Amino acid sequence: MNVPFLDLKAINLAHAAELEAAFQRVLQSGWYVLGQEVANFEAHFARYCDSQHAIGVANGLDAIFLILRAYGIGPGDEVIVPSNTFIATWLAVSHCGAVPVPVEPLEASYNLDPARLAAAITPRTKAIIAVHLYGQTADMAAILPIARQHGLKVIEDAAQAHGARCHGGVAGQLGDAAAFSFYPGKNLGALGDGGAVTTNDAALAEQIRTLRNYGSKVKYYNDVAGYNSRLDELQAALLDVKLQTLDQDNAQRRAIAAVYQQELAGIAGLTLPQVPDWAEPVWHLYVIRHAQRDALAQALAQAGIGTIVHYPVPPHLQPAYAELGYQPGQLPLAEAIHREVLSLPMGPTMSLDQARHVAATLRACLAQLAQPN
Ligand SMILES: *Cc1c(COP(=O)(O)O)cnc(C)c1O
């Protein structure tokens, strides 16, 4: 039995008839950018996120960037980001001209450590980006009071967390504004790029609507120097189809994670995800940790099991951030995590039998690795 890391084709073919109907509707409408499809999807996604406003944008990176821009964050400002995240979180800050200030995670959750967060705040700090990594929310109940005390904005990077909950509240309205990605592999994925901002701040929503469309409220009249970062009608129509089964899809991810949690428990040297009682993750990724990660990934590949490393190099050690001057060893938790994590197959079309097979194979591979040749 081969188990791919993620079967995107199967995921989308499950909706083939409805996606084709949505395509026909857009084709026949003759209207392809910022129309009724985007407005409909925004209304539905806002409701899903229990949020007053959703604004469709071109991708997840732009969603974070536009929030920061709308808050007026720029040169001379600092924004706190996790040391272990996808580089987009950092790039959004850099593209505003501000400096990303990394904070190391809690090893139990891989998310921002509130204690370290407080220590990283300076007079230049303007905002905190809390990433809900792998689909489990950051500890917002601990982060928000620290932010409020210092007058900082809290931005959720919810690119991996559509539908995740924290103390019962859904991602997208846990802070001041939230950024979502609809990259094809995310829990809610388009057939191309897409993103959204959600917020309960009407003024912020209005500003992002303007910024995403050349800084224009009325066509050809430009109030500010904006951008072209719009979710297009076709992707909005396709996303609206897939939004209808997002909860079902997330439930299947939870069932797979439950199999992994049970079948992989108690293996020496293998670290499984830990879920605090206030968190309801949506398992964008199921990430394990092992000192012999690369050998394990290779053995699994030979056994027909697809895995991916999220992510092999932390942002501060990427050539893209050479200018910040970080050296290996400066953010040791992020570096150790990046050396040891491995994402197992996970997705809404995967079966529980496949999950059991992955777990059994992984056990066998680890037993073999443990043997001296
Ligand atoms: C995917 C992702 C992004 C960026 O989204 P894109 O749509 O690819 O631009 C940002 N942050 C995190 C944590 C992500 O996983």
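Numbering of ligands and ligand atoms starts at 1, following listing order. No experiment lies behind these values; they were computed from the predicted model shown.
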List, pair by pair, the atoms of ligand 1 and of the protein that are both N or O and lie under 3.5 Å apart, giving the separation rounded to 0.1 Å.
unit_1	atom_1	unit_2	atom_2	d
ligand 1	5 (O)	S181	OG	3.3
ligand 1	7 (O)	G60	N	2.7
ligand 1	7 (O)	S181	OG	2.6
ligand 1	9 (O)	G60	N	3.2
ligand 1	9 (O)	L61	N	2.9
ligand 1	11 (N)	D157	OD1	3.2
ligand 1	11 (N)	D157	OD2	2.8
ligand 1	15 (O)	Q160	NE2	2.8
ligand 1	15 (O)	K186	NZ	2.6

Check against salt bridge (Lys or Arg N to Asp or Glu O under 4.0 Å), D247 and R254
CA-CA 10 Å; D247 281 337; R254 287 195 176 110; over 6 Å; no
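Applying the side chain to side chain donor-acceptor pair (under 3.5 Å) rule to N213 yields the partners R230; only residues at least two apart in sequence or on another chain are considered. Partners of D294 under the side-chain contact (heavy atoms from CB on, under 4.5 Å) rule, at least two apart in sequence or in another chain, do not exist in this structure.
The side-chain hydrogen bond (donor to acceptor under 3.5 Å, both in side chains) pairs that include a residue from residues 30-41 are R25-E37, Q36-N40, where partners are two or more places apart or lie in different chains.
Checked against the 6.0 Å centroid threshold, Y286 and Y134 do not count as a close aromatic pair.
Note that the NE2 atom of H53 and the CD atom of E206 stand 9.5 Å from one another [nearest 0.5 Å].
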